[in-house]
Amino acid sequence: MNVGRESSRESSRDPDDPGGHPMLKRTGLIVGPLLKVVASPYPFSPQWYRLFSTAASVRRADHAYPRAETLASKNDGVALQTKQATASTDVALAYASLVLFILRGSDLEQLRARAQETPDLMRCLSEPTQARLLAEEVSLRCPHQTPLLLRLALLLDCPIKKNVYECTTHHLSMQKDWETVLSVFSIAKGQRQLTIRTLNWYTNALIHLRKYTLIHGVLAEYFSANIAPNRRTYQLLIAAYIRNRDLHRAHHTLQAMEASGIPADASSHAAISIPYHNFGSNPQIQNHTLSILDQLPPRVATSILNSLLKLRLEGNDIVGAKQLLSRYRKHQILPIIYAISGYLPANDMHSVDTGVDADAGTYARIINLLADQRRLSDAVELTMAMQSVAISSSPDVVAALIHAYFSTGNPDGAIGLTYIMCGGNHRELFQELSPNALNAQLPFEPKGMHPTIQVFNTLFRGILSTHGLDGVVPVLRIMDLEAIKPNMQTLTILVQHLVNIERTPPQALFRMIRRFSSGIKVGLPTLHPIFSAMIRHERFHLYGQGWDKTAVKFSQTRTEGSPPPIDDGRMTETATVDDFDPTAGILPSRKPPYHRGLRPILDDLSSLNVRSDAAMFALRLQRDASKQDFQGSQNIFDTLLRRGFQPNAYHYSAMMEGFTRAGDLESAKALLQNAHSAGVMPNVVMYTILIVGYARQADTERAIDVFKEMIEGGLTPDIGVIDAVVSSYFAAGLYRVARELLKRCLTSKPHRRVQVAQGVTKAVIQSLS
């Protein structure tokens with residue numbers, strides 16, 4: 001493996017040093033080298049470029065500017081090359097002065113006094129074009145200081161034109177610094193310098209921050225500024241409401257757009273279809289979207305088709321996914337067809353090559369499918385085959401490949417890929433994860449690519465599965481050195497591990513969330529595993545667990561293995577209609593610590609007007625089903641449909657579990673058939689629920705029939721379904737058969753459980769012959 005040298009950024013920065021100005025922690029700028037460079041007679045030396053290129057904003061994955069090495073090689077001694085303009089010497093000197101003032105801890109009044117004594121800065125702020133270039137430079141290099149520069153310019157009575165606010169909000173949005181966008185908008189609004197572009201960037205920031213309460217009144221900001229919303233404005237709002245699962249407001253906004261004289265066109269339908277996956281797979285929406293693909297810009301068409309492909313794959317609809325693949329250009333997806341089917345269609349080799357362009361995102365979705373199927377060699381071959389059809393790889397593809405390495409029990413390959421993407425830096429931290437990974441020979445090396453948050457989240461999930469909590473600190477430190485900030489998905493991955501694997505006590509769990517989520521908006525995905533654990537706890541107190549709970553009903557010699565619980569175990573309550581969102585009417589009980597830990601988070605989500613998502617509806621159905629509240633379950637299911645959701649396997653599974661708990665196996669089986677008729681492919685969990693239901697009745701024959709039906713349907717059994725099958729033998733008193741089937745599971749290692757499950761499946765089938 002060929003890797004680069006340790007970067008000067010890493011060697012000059014001590015990640016354990018708690019000192020320093022807050023700005024230094026955000027940008028990576030070091031006081032000593034900065035003062036030395038500015039004081040030198042050659043302020044535009046390569047060392048100068050390298051210094052400012054270490055800023056965190058420059059190293060972000062979504063930033064389009066060169067890395068430090070590229071900037072350092074441009075020793076022209078005159079200008080900094082930017083994406084849209086070449087900043088003049090005056091701008092560079094003014095920027096240097098401004099940075100020095102901020103590093104000295106100057107407040108606004110002190111900045112004003114020092115700026116008035118600095119000719120370079122005053123000359124730059126006084127000339128509109130130079131002022132715009134300086135504002136752009138600050139928004140790119142020190143984005144959090146952009147509002148400070150604008151306030152300073154206004155305090156000095158310098159002319160700030162509307163295009164300054166437009167450009168800075170654009171650059172800040174490209175860096176996803178949404179909070180700073182809101183600050184810049186507030187200044188522009190106070191100066192009556194709003195434009196349609198600035199307002200649209202402000203709307204976009206509200207959407208990404210999920211401030212739906214403010215979004216509801218955002219059109220009033222346009223009207224008060226005497227600016228008519230344009231098509232882009234309405235499309236942003238429609239997409240935002242769909243992401244928040246609010247079809248009523250989305251429909252109302254679409255009507256308002258048409259009433260303002262802007263008819264819906266193909267781009268409007270694209271704005272609806274891209275986020276519509278929040279409601280599940282809707283055949284009507286998908287068919288209409290497919291019919292307008294040729295009316296959309298190529299990149300938009302590709303993005304939409306990729307989203308539909310992902311939705312089909314997540315629903316285990318391989319047949320539907322293959323149908324969507326036929327909409328791409330054939331020569332671009334031949335490697336995909338071969339990876340899925342094992343052959344190339346001869347009749348299509350010389351056909352007219354029309355359709356939507358495939359891209360790296362298309363391949364990433366298929367590589368993730370191969371990773372789920374634990375086909376590492378096919379995933380690697382497909383990654384390398386992209387080059388043959390002139391499609392360049394991307395960080396999304398690398399993230400999918402990392403997933404493939406972890407899913408096949410090869411963490412060294414995943415760690416090695418990330419190490420290469422980091423340019424061979426942070427060697428000691430990577431060695432903490434795996435000393436052998438740094439020298440691993442990988443068939444595909446992502447040289448020249450920079451890691452993204454998606455890459456690190458995939459690595460983080462895999463490291464937690466192999467290293468446990470010991471791998472958390474090294475991964476987070478590498479992310480910090482690469483200037484990649486954890487996001488909500490990072491927090492969700494950690495919470496899932498703490499709840500499901502570590503069984504972390506609630507006090508410690510919420511303490512961790514408070515510390516980790518500084519600067520991260522906690523959303524519904526983070527709460528899903530917590531509410532799921534609470535419902536499991538309630539179910540345990542209602543029904544207990546273990547095979548003896550079932551076997552004792554059919555045996556005169558067996559007794560329950562554990563005494564009944566002392567308390568009622570109630571951890572959730574049902575909310576009123578007004579409090580239905582954002583948790584589908586599930587509230588933590590008044591018992592600490594869940595109430596004390598969850599209440600502030602729920603209050604924050606409620607203040608943002610966040611609505612319940614599909615997963616929360618599934619959890620509510622689980623809760624009602626476990627309590628055998630069938631009328632309540634039906635009401636929730638009706639609300640789910642009324643809000644426009646398409647029920648998925650999780651919703652049907654929750655309803656099935658309620659029927660099996662009540663012993664109504666016929667209704668549970670009918671639900672399985674209804675799901676299939678509705679286009680929801682039955683999964684292993686749904687079959688497991690049925691098998692467990694028959695096991696509770698010691699009906700081994702029907703349990704095995706369901707098991708065989710699952711195998712014939714092409715599903716691969718997991719440990720859960722094997723446990724359910726064996727428990728049916730145990731409940732029926734066939735202890736010797738149950739013991740033999742379990743031997744392989746009990747002696748297996750965790751990473752071999754899938755292979756063990758397949759082996760036990762063969763043993764089960766052999767025992768029936």
Side-chain angles (χ1 to χ4, degrees), residues 166 169-170 173 185 189 194-308 311 327 356 581 608-614 639-646:
E166 284 186 358
T169 52
H170 166 73
S173 298
F185 168 81
K189 179 181 177 181
L194 293 177
T195 65
I196 185 63
R197 291 188 178 91
T198 304
L199 278 163
N200 283 346
W201 285 124
Y202 166 70
T203 302
N204 202 28
L206 293 179
I207 293 170
H208 282 84
L209 293 172
R210 305 192 306 279
K211 294 181 178 292
Y212 295 106
T213 303
L214 293 177
I215 291 172
H216 297 338
V218 76
L219 287 178
E221 297 284 359
Y222 290 78
F223 299 137
S224 64
N226 293 320
I227 296 174
N230 60 10
R231 183 181 298 277
R232 174 64 175 164
T233 306
Y234 286 112
Q235 289 177 354
L236 283 171
L237 292 175
I238 291 170
Y241 290 135
I242 293 176
R243 286 191 179 93
N244 194 35
R245 288 79 59 182
D246 193 343
L247 280 183
H248 175 73
R249 282 194 169 92
H251 180 67
H252 179 75
T253 304
L254 182 61
Q255 290 180 325
M257 182 183 75
E258 294 176 335
S260 67
I262 304 175
D265 61 2
S267 64
S268 304
H269 293 295
I272 294 172
S273 61
I274 290 177
Y276 207 86
H277 67 273
N278 289 283
F279 289 94
S281 180
N282 187 311
Q284 291 181 339
I285 294 290
Q286 293 181 19
N287 292 335
H288 181 72
T289 302
L290 292 174
S291 69
I292 63 169
L293 284 178
D294 58 348
Q295 305 175 35
L296 299 172
R299 293 182 63 181
V300 176
T302 299
S303 177
I304 290 177
L305 199 54
N306 286 347
S307 298
L308 295 178
L311 197 60
R327 306 300 294 261
V356 176
D581 292 307
L608 296 173
N609 203 13
V610 174
R611 289 165 66 89
S612 305
D613 60 6
T639 303
L640 178 81
L641 297 175
R642 192 164 53 250
R643 289 196 175 189
F645 287 94
Q646 299 295 315

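If you're wondering where the values come from, they're calculated on a predicted model, not measured in any experiment.
- To the nearest 0.5 Å, atoms CG (Asn204) and OG1 (Thr169) are separated by 10.5 Å.
- For the atom pair CG (Leu247) and CZ (Arg611), the distance works out to 8.5 Å, reported to the nearest 0.5 Å.
- Among pairs with a residue in residues 220-230, those fulfilling side-chain hydrogen bond (donor to acceptor under 3.5 Å, both in side chains) read Lys189-Glu221, Asn200-Tyr222, Asn200-Asn230, Thr203-Tyr222, Asn230-Thr233, at least two apart in sequence or across chains.
- Residues passing the side-chain contact (heavy atoms from CB on, under 4.5 Å) test with Leu214, sequence neighbours excluded: Leu206, Lys211.
- The CG atom of Leu293 sits 6.0 Å away from atom CG of Leu305, with the distance rounded to the nearest 0.5 Å.
- Among all heavy-atom pairs drawn from Leu194 and Ala225, the shortest one is CD1-CB, 4.0 Å.
- Looking at residues two or more places apart in sequence or on another chain, you find no salt bridge (charged side-chain N to carboxylate O under 4.0 Å, His left out) involving Arg210.
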| said: Walk me through whether Leu640 and Gln646 qualify under side-chain contact (heavy atoms from CB on, under 4.5 Å). | reply: CA-CA 8 Å; Leu640 178 81; Gln646 299 295 315; over 6 Å; no
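- With sequence neighbours excluded, the residues that form a side chain to side chain donor-acceptor pair (under 3.5 Å) with Ser612 are Asp581.
- Here the OG1-CZ distance, from Thr253 to Arg249, works out to 8.5 Å after rounding to the nearest 0.5 Å.
- At a threshold of 4.5 Å between non-hydrogen side-chain atoms, the residues Arg327 and Leu290 count as touching.
- Residues Ala266 and Leu296 approach most closely at O-CD2, 3.3 Å, considering heavy atoms.
- Counting all heavy atoms, side chain and backbone alike, Ser273 lies closest to Ile304 at OG-CD1, 3.8 Å.
- A donor-acceptor contact closer than 3.5 angstrom is absent between the side chains of Arg299 and Thr302.
- Minimum heavy-atom separation, His288 to Ser291: O-OG, 2.5 Å.
- The two atoms that bring Ala264 and Glu258 nearest to each other are CB-OE2, 3.7 Å, heavy atoms only.
- Interatomic distance, CG of Leu219 versus CZ of Phe223, reported as 5.0 Å (0.5 Å rounding).
- Taken to the nearest 0.5 Å, the CG atom of Asp613 stands 10.5 Å off from the CZ atom of Arg643.
- Residue pairs meeting the ring pair (Phe, Tyr, Trp, His ring centres under 6.0 Å) criterion with at least one member in residues 227-251, sequence neighbours excluded: His216-Tyr241.
- By the side chain to side chain donor-acceptor pair (under 3.5 Å) test, Gln235 pairs with Ser267, Ser268, sequence neighbours left out.
- The closest side-chain heavy-atom distance from Ile215 to Asn244 is not below 4.5 Å.
- A side-chain N or O of Thr195 and one of Glu166 form a donor-acceptor pair less than 3.5 Å apart.
- By the neighbour-count criterion of 12 heavy atoms within 6.0 Å, atom CZ of Arg197 is sparsely surrounded, having that number or fewer from other residues, nucleotides or ligands.
- When all heavy atoms of Pro229 and Ile262 are compared, the closest pair comes out as O-CD1, 3.9 Å.
- Phe185 and Tyr202 have parallel rings, their planes meeting at less than 30° on a 0 to 90° scale where 60° marks the start of perpendicular.
- Using a cutoff of 4.0 Å between basic side-chain nitrogens and carboxylate oxygens, Arg231 and Asp265 are scored as salt-bridged.
- Counting heavy atoms from C-beta on, the side chains of Val610 and Arg245 come closer than 4.5 Å.
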